[in-house]
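Below is one structure, written out as structure tokens; the observations come after it.
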Amino acid sequence: MAGDFLLVAAVFLAVGLPAAAFPYRVSKLGERVDAIGSKTPKDEVEPAEWNVTLTRFVGAFMSALGVAYLFA
């Protein structure tokens with residue numbers, strides 16, 4: 001049971017910390033993935049400001065959940 005919490009905490013922290021620390025890069029990666037199959041070159045896609053902000057908050061929330069599971 002404790003191993004399950006440790007695994008969940010590790011996954012949440014592995015995803016949440018980069019998203020909270022580097023929201024622009026994570027959002028840009030998402031936009032590049034969304035641009036697959038589009039005629040727009042991958043170098044020209046830019047994430048919207050709301051997407052960067054949302055990525056930052058979701059990353060911080062996931063990191064907080066990871067820490068909470070770590071100490072649960």
Side-chain angles (χ1 to χ4, degrees):
M1 189 68 150
D4 293 338
F5 282 126
L6 188 60
L7 179 64
V8 170
V11 170
F12 274 22
L13 287 171
V15 174
L17 285 176
F22 308 107
Y24 180 80
R25 289 183 181 178
V26 173
S27 296
K28 186 155 181 131
L29 176 65
E31 291 296 326
R32 284 186 173 184
V33 170
D34 285 344
I36 294 175
S38 172
K39 293 185 187 246
T40 305
K42 68 177 182 176
D43 297 335
E44 292 182 13
V45 295
E46 292 291 327
E49 188 61 36
W50 67 265
N51 195 353
V52 176
T53 303
L54 182 65
T55 302
R56 178 179 292 119
F57 285 124
V58 169
F61 181 72
M62 287 185 70
S63 298
L65 283 178
V67 169
Y69 274 120
L70 194 60
F71 292 111

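Just so you know, residue 1 is the first one in the sequence shown, and it goes up from there.
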**Request:** Walk me through it: do Met62 and Leu17 pass the test side chain to side chain contact (heavy atoms under 4.5 Å, CB included)?
**Result:** CA-CA 8 Å; Met62 287 185 70; Leu17 285 176; over 6 Å; no
Interatomic distance, CD@Glu46 vs OH@Tyr24, rounded to 0.5 Å, equals 3.0 Å
OH (Tyr69) and CG (Leu7) are apart, to the nearest 0.5 Å, by 11.5 Å
Side-chain donor or acceptor of Thr55 paired with backbone N/O of Pro23 under 3.5 Å: no
Shortest non-hydrogen pair, Val45 vs Arg32, comes out as CG2-CG, 3.9 Å
In terms of heavy-atom contacts, Asn51 and Glu31 come closest through ND2-OE2, 3.1 Å
Tightest non-hydrogen contact, residues Ala19 and Gly59, listed as CB-CA, 3.8 Å
Out of curiosity, does Val52 fall in the hydrophobic cluster containing Phe22 (side-chain heavy atoms, cut-off under 4.5 Å, transitive links)? no
message: Just so I know, are the side chains of Arg56 and Val26 near enough to count as touching, which here means a heavy-atom distance under 4.5 Å?
response: no
dist Phe61:CZ -> Phe12:CZ (nearest 0.5 Å) comes out at 8.0 Å
CG of Leu65 to CG of Leu13, rounded to nearest 0.5 Å, is 9.5 Å
When every non-hydrogen atom of Ser27 is compared with those of Pro47, the smallest separation belongs to CB-CB, 3.6 Å
Taking a hydrophobic cluster as the set of Ile, Leu, Val, Met, Phe, Trp and Tyr residues connected by side-chain heavy atoms closer than 4.5 Å, whether directly or through intermediates, do Phe5 and Val8 fall within one such cluster?
yes
